[in-house]
Number of protein chains: 2
Amino acid sequence: MLNIAGLLKEKKLTVTPQRVEIVNLLSTNRHINVDELYALLHTNFPSISLATVYKNINTMLESEILSEVQIFNAKNVYELAKEEHSHIVCTSCNEILELPIDLQVIYKEAESKSAYSLKSASLVFSGKCPRCSSSKV
Amino acid sequence: MLNIAGLLKEKKLTVTPQRVEIVNLLSTNRHINVDELYALLHTNFPSISLATVYKNINTMLESEILSEVQIFNAKNVYELAKEEHSHIVCTSCNEILELPIDLQVIYKEAESKSAYSLKSASLVFSGKCPRCSSSKV
DNA sequence: CTGACTGCAAACGTTTTGCACGGTA
DNA sequence: TACCGTGCAAAACGTTTGCAGTCAG
């Protein structure tokens, strides 16, 4: 069970019911975009504003409570922050899968080939999920 | 030397001076965004419209003459399409480097772990280029 | 009590669209 | 000539901002 208030305090953020609910929703719905989040929030906060959702997402991105995943040809989705990992997006149904892939070797290769000092990497695969692969196109 | 008209015809696109110039500019300026492209086009096409730039980029993306690179916290940039490759973006000066990295092993790992059938991958590193690393912050 | 957050409305930047005209094939 | 592309203006879209009122600490 996630201690959401504690998480927010740890990052020196004010604990508001809206923020708690955003984190709560993202803990059970990884990879949803702003509109989906907004729609879900309406259940408990009928008068919540989209601006509040954006402001809180941005605040929590800066505090690294959340992270953002950029999806090709779709709106960014959000997830609770955790160690670096890759994503696979189904081009048919847009389902997103997380994948713990060790990029150590690739990092090394990239650093030696580029002479850059690297901080982070974003690896997103596109493909078809098993369900969409098996169904006729 | 690039046969631009031939490239366009091959993809069954009408050859217009604007399209030729867009491809021409991208052949010497990889990784520029819409605004930069628009500004460069103004030299030879003082009355070109931004809508035309967008329409042509979209058309040529669909025909796979161009490809789009999504840059975190910055506008998308464009390049002439070629084999899959990775990118490194400098977080200080935004310079973009292309890197031919073999993702075969990673693809295999991702496929077996996910059961997805994968089509493509986007790998973008963030870091500091040698110039920005050496200069005082 | 003070500062931070919320909700509303308006503003903003980017991209797309509709349309009349002009160019390509 | 028939169709497609261009340029303009307006619309659409996603996100941010300013502000007055409210809530958290």
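All chains are named by letter (A, B, ...) in the order of the sequence lines, taking the proteins before the strands, and each is independently numbered beginning at 1. This structure is a prediction, so every number in the text was calculated from the model and none was measured.
- Distance CD (A/Q70) to C1' (D/dT15): 14 Å, rounded to an integer number of Å.
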Evaluate the side chain to side chain contact (heavy atoms under 4.5 Å, CB included) criterion for residues B/V89 and B/F72: first the C-alpha distance (whole Å), next the side-chain angles of each, then the deciding distance (0.1 Å), finally the verdict.
CA-CA 9 Å; B/V89 185; B/F72 204 72; over 6 Å; no
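- Going from atom CE of B/M60 over to atom CG of B/L13 covers 8.0 Å, rounded to the nearest 0.5 Å.
- Crowding of B/K82 atom NZ: a count of heavy atoms from other residues, nucleotides or ligands under 6.0 Å exceeding 12.
- The main-chain N or O of B/N24 is found under 3.5 Å from a side-chain atom of B/S27 such that the two form a donor-acceptor pair.
- Screening B/N3, B/V20, B/T14 for a side chain to side chain contact (heavy atoms under 4.5 Å, CB included) with B/L8, the sole residue that qualifies is B/V20.
- Spacing between atom CG of A/L8 and atom C1' of D/dG25 amounts to 14 Å, rounded to whole angstrom units.
- Rounded to whole Å, atom P of C/dT6 lies 13 Å from atom CG of A/N58.
- Partners of B/N44 under the side-chain hydrogen bond (donor to acceptor under 3.5 Å, both in side chains) rule, at least two apart in sequence or in another chain, are B/E21.
- With rounding to whole Å, A/Y54 atom OH is found 13 Å from C/dC12 atom C1'.
- For the pair A/K9 NZ and C/dC5 C1', the interatomic distance rounds to 16 Å; values are reported in whole Å.
- Counting non-hydrogen atoms of other residues, nucleotides and ligands closer than 6.0 Å to CZ of B/R131 gives a total of 12 or fewer.
- Within 6.0 Å of NZ in B/K108 there are 12 or fewer heavy atoms belonging to other residues, nucleotides or ligands.
- Summarising the geometry, the separation between CD on A/E21 and P on D/dC23 is reported as 18 Å, rounded to the nearest angstrom.
- Computed from coordinates, the B/N76 CG to C/dG13 P distance equals 18 Å when rounded to whole Å.
- Rounding to whole angstrom units, CE of residue A/M60 and P of C/dT6 are separated by 9 Å.
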Base-contact (B) and sugar-phosphate-only (S) positions in nucleotides 5-10 of chain D, heavy-atom cut-off under 4.0 Å, - elsewhere:
SBBBB-
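- Using a 3.5 Å distance cut-off with no hydrogens or angles, the side chains of B/E95 and A/Y116 do pair a donor with an acceptor.
- Of the residues in residues 29-43 of chain A, not one places a heavy atom less than 4.0 Å from an atom of DNA chain D.
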